[in-house]
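Input: a single structure, listed below in C-alpha cells.
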Amino acid sequence: MEYTFLQCTDKAEFNLAGLTGSFQALNGSGFSDQAKIFKIWNPSTTVSVEISLDGVTAHDFIPPLGTLIVDVQTNHNTDSSYSSGRLRMRKNQILYGRTAPNPT
C-alpha cells in the first residue's frame, strides 16, 4: 500500500563509551516499526565504529565524527503495478556496533 504521509520510528541513542571490541545492540530491542531510511552518527572524535546487522559480521564502518545514512529504498523493487519499493529494514531489526579493531 502506498502512503501519502510521513511515519517515523523512535530515535535510539547509545553511549559509545560502553562499546568494546565485541558487537553490542545499539538500538535496544530493534526498530519500533519498519524503516526505509536510517542514520547513524558517530559523535566521538577518537573512536571508529563498525556496524553489523547480525551481531557477527562487520557490514560498515563509521569514522570519528562520521555519519552513515542508509536509504534502503534506493534499491527498491519495481515489479508491482505501482512501482512501489518493498525493501525495508524489518520492525525489531537490531543494529549492532563495536569499536573498530582496525580504524583505517
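Computation of the quantities below employed the complete heavy-atom set of this structure, encompassing side-chain atoms and omitting hydrogens, waters and symmetry-equivalent molecules.
With sequence neighbours left out, F38 forms a ring-ring contact (aromatic ring centres under 6.0 Å, His included) with F31. By the side-chain contact (heavy atoms from CB on, under 4.5 Å) test, L19 is found to be paired with F14, L16, Q24, L26, V49, T99, residues two or more places apart in sequence or in another chain being considered. In this structure S22 satisfies the side-chain contact (heavy atoms from CB on, under 4.5 Å) test together with T20, sequence neighbours excluded.
Counting Ile, Leu, Val, Met, Phe, Trp and Tyr side chains that sit under 4.5 Å apart, directly or through other members, I37 shares a hydrophobic cluster with I69.
The shortest heavy-atom contact between G66 and W41 is O-CD1, 3.4 Å.
The salt bridge (charged side-chain N to carboxylate O under 4.0 Å, His left out) analysis of residues 16-30, with sequence neighbours excluded, yields no pairs. Pairs passing the salt bridge (charged side-chain N to carboxylate O under 4.0 Å, His left out) check and including a residue from residues 46-58, sequence neighbours excluded, read E50-R98.
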What pairs of donor and acceptor atoms, side-chain ones from residues 55-64 against any protein atom, are under 3.5 angstrom apart with sequence neighbours left out?
residue, atom, partner, partner atom, Å
H59, ND1, L53, N, 3.0
H59, ND1, T57, O, 3.2

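In this structure, OG1 on T67 lies 10.0 Å from CD1 on I40, to the nearest 0.5 angstrom.
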